There are 2 protein chains.
Amino acid sequence: MNTTTQTDTLKRVKQILENYLVDKKLRKTPERFALLEAIYTRDDHFDAETLYVEMKMKNYKVSRATVYNTLDILQECKLVIKHQFGSKLARYEKSFGYQQHDHLICVECNKILEFCDPRIRNIQSMVEDIYGFKIDSHSLNFYGTCSEDCAERQRRKER
Amino acid sequence: MNTTTQTDTLKRVKQILENYLVDKKLRKTPERFALLEAIYTRDDHFDAETLYVEMKMKNYKVSRATVYNTLDILQECKLVIKHQFGSKLARYEKSFGYQQHDHLICVECNKILEFCDPRIRNIQSMVEDIYGFKIDSHSLNFYGTCSEDCAERQRRKER
DNA sequence: ATCCCTGCAAAGGGTTTGCAGACGC
DNA sequence: GCGTCTGCAAACCCTTTGCAGGGAT
């Protein structure tokens with residue numbers, strides 16, 4: 001994504017947040033927009049603490065409470081997605097302009113790759129039909145090792 | 001599953017645990033076998049606390065520490081699978097004699113259904129080839145509502 | 001007899017909550 | 001000015017850990 005597009009994205013997501021806040025009669029606080037910008041400047045699967053520390057480093061003071069509060073709001077307006085990659089530590093990522101995708105997680109070095117596969121949609125509609133569920137979302141994670149090094153490290157642990 | 005088969009399963013999983021403990025030079029304590037039996041008598045996706053309380057109710061005293069310790073061991077010998085269904089609270093289920101399956105979770109009433117789909121295997125091998133990962137396991141969860149009642153309750157929340 | 005395992009309770013890590021003061025409306 | 005949002009810290013929940021006594025080998 002080049003700089004122009006990123007600036008453009010930033011404008012659009014800020015607009016979405018603003019609309020959401022107005023609609024829900026919530027306040028347009030500077031903290032919320034600062035956090036949104038920080039999130040849309042990142043390009044990874046971060047946790048709440050990392051975001052909190054990043055703000056601190058930039059000399060933008062926000063409390064942990066505000067970080068969590070804002071992450072909740074951003075999830076509600078679909079600007080952020082929360083993941084639980086098999087541990088209790090929640091991970092987040094921006095979601096505007098991204099096509100829905102799934103994750104491939106290296107259990108050794110924690111590298112996370114993304115992939116898309118249209119077959120999941122098919123599985124979803126089949127499952128909806130069979131069980132009478134209305135499905136809103138899904139998460140598909142593959143866990144494994146990303147390289148021979150990581151595979152070797154894993155084998156060593158299992159002994 | 002009829003009673004005969006369940007008794008049979010119980011015998012077999014106890015044997016598996018015993019072999020594992022001997023192999024790893026761990027001790028065959030009564031707590032471990034009692035917990036294994038409790039787990040294989042259940043038929044749901046339970047959390048550690050529920051199991052702990054169940055043992056208490058049956059007047060079989062085990063500590064939380066032992067519950068967690070035993071769940072770890074049972075995971076290692078593949079008799080139990082641990083799930084993280086989008087919350088920090090871990091869920092467990094017995095896994096011997098079960099084919100690998102995935103989950104459908106009602107976000108309103110927390111009902112959990114299971115399903116299998118062979119296409120996931122295909123996606124898995126494709127992803128392995130493309131990204132050079134060696135995949136050990138996966139988790140696919142669909143989140144939605146299980147009935148019109150639950151769907152309605154969800155809509156009411158969103159207002 | 002060894003020393004791993006247990007029970008207990010305290011500590012731990014991530015997240016949520018309560019409260020008083022700040023500030024968007 | 002009203003009422004929500006913030007920062008702070010304490011509380012919270014689930015899980016892990018430390019330790020001393022007990023039981024498997």
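A note on names: the letters A, B, ... follow the listed sequences, proteins ahead of strands, and every chain is numbered from 1. All values reported here derive from a predicted model rather than from experimental measurement.
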List the atom pairs, with distances to 0.1 Å, where a side-chain N or O of residues 121-128 of chain A and a protein N or O form a donor-acceptor pair under 3.5 Å, not counting sequence neighbours.
residue: Ser125(A); atom: OG; partner: Arg121(A); partner atom: O; Å: 3.0
residue: Ser125(A); atom: OG; partner: Asn122(A); partner atom: O; Å: 3.3
residue: Glu128(A); atom: OE2; partner: Ile135(A); partner atom: N; Å: 2.7

Q: Would you mind reading off the distance between Phe33(B) atom CZ and dA24(D) atom P, rounded to a whole angstrom?
A: 12 Å
Polar atom pairs between nucleotides 11-13 of chain C and protein, under 3.5 Å, N or O only, would you list them?
none

Q: Under the salt bridge (Lys or Arg N to Asp or Glu O under 4.0 Å) rule, collect the residues that match up with Asp23(B), sequence neighbours excluded.
A: none
Q | Atom pair distance, as rounded to whole Å: NZ in Lys82(A) and P in dG14(C) | A | 14 Å
Q | Strand contacts (DNA chain C) in residues 61-74 of chain B, 4.0 angstrom heavy-atom criterion | A | Lys61(B), Val62(B), Ser63(B), Ala65(B), Thr66(B), Asn69(B)
Q. If only side-chain N and O atoms of Arg32(B) are considered, is one of them under 4.0 Å from the OP1 or OP2 phosphate oxygen of dT6(C)?
A. yes
Q: For residues 135-145 of chain A, pull every pair meeting side-chain hydrogen bond (donor to acceptor under 3.5 Å, both in side chains), keeping only residues two or more places apart or in separate chains.
A: Gln100(A)-His138(A), Asp102(A)-His138(A), Asp136(A)-Gln154(B), Asn141(A)-Tyr143(A)
Q. If you group Ile, Leu, Val, Met, Phe, Trp and Tyr by side-chain heavy-atom gaps below 4.5 Å, do Tyr92(B) and Met57(B) land in one group?
A. yes
Q | Non-hydrogen atoms of Lys88(A) and Gln84(A) that approach each other most closely | A | O-NE2, 3.0 Å
Q) Less than 4.0 Å between a side-chain N and a carboxylate O, is that true for Asp44(B) and Arg91(B)? A) no
Q: Applying salt bridge (Lys or Arg N to Asp or Glu O under 4.0 Å), name anything that partners Glu37(B), two or more places apart in sequence or on another chain.
A: Lys14(B)
Q) When clusters are formed by joining ILVMFWY residues with side-chain heavy atoms under 4.5 Å apart, either directly or through shared neighbours, do Phe115(A) and Ile112(A) land in the same one? A) no
Q. Listed by chain and number, what are the salt bridge (Lys or Arg N to Asp or Glu O under 4.0 Å) partners of Asp129(B), not counting sequence neighbours?
A. none
Q) Below 4.5 Å, heavy atoms only, C-beta onward: do His103(B) and Phe142(B) meet side chain to side chain? A) no
Q: Verify salt bridge (charged side-chain N to carboxylate O under 4.0 Å, His left out) between Glu49(B) and Arg64(B), making sure each step is shown before the conclusion.
A: CA-CA 8 Å; Glu49(B) 186 66 16; Arg64(B) 261 175 271 261; 2.7 Å; yes
Q: Just report the end-to-end axis angle for the helix from dA1(C)-dT25(D) to dC25(C)-dG1(D), five pairs per end, to 10 degrees.
A: 30°
**Q.** Tyr68(B) side chain vs Ser63(B) backbone, donor-acceptor pair below 3.5 Å
**A.** no
Identify all side-chain donor-acceptor contacts of residues 71-83 of chain B below 3.5 Å with residues at least two apart in sequence or on another chain.
residue: Gln75(B); atom: NE2; partner: Leu71(B); partner atom: O; Å: 3.3
residue: Glu76(B); atom: OE1; partner: Tyr20(B); partner atom: OH; Å: 2.7
residue: His83(B); atom: NE2; partner: Glu93(B); partner atom: OE2; Å: 2.7

**Q.** Per-nucleotide protein contact string for nucleotides 20-25 of chain C, where B marks a base within reach and S marks sugar-phosphate only (heavy atoms under 4.0 Å, - for neither)
**A.** ---BBS
(Q) If I take atom CG in residue Leu36(A) and atom P in nucleotide dC5(D), what distance separates them, rounded to the nearest angstrom? (A) 16 Å
Q. Where along residues 38-58 of chain A does a heavy atom fall under 4.0 Å from DNA chain D?
A. none
Q. Quick one: do Glu18(A) and Arg32(A) make a salt bridge, cutoff under 4.0 Å?
A. no
(Q) Applying salt bridge (Lys or Arg N to Asp or Glu O under 4.0 Å), can you list everything that pairs with Glu114(A), at least two apart in sequence or on another chain? (A) none
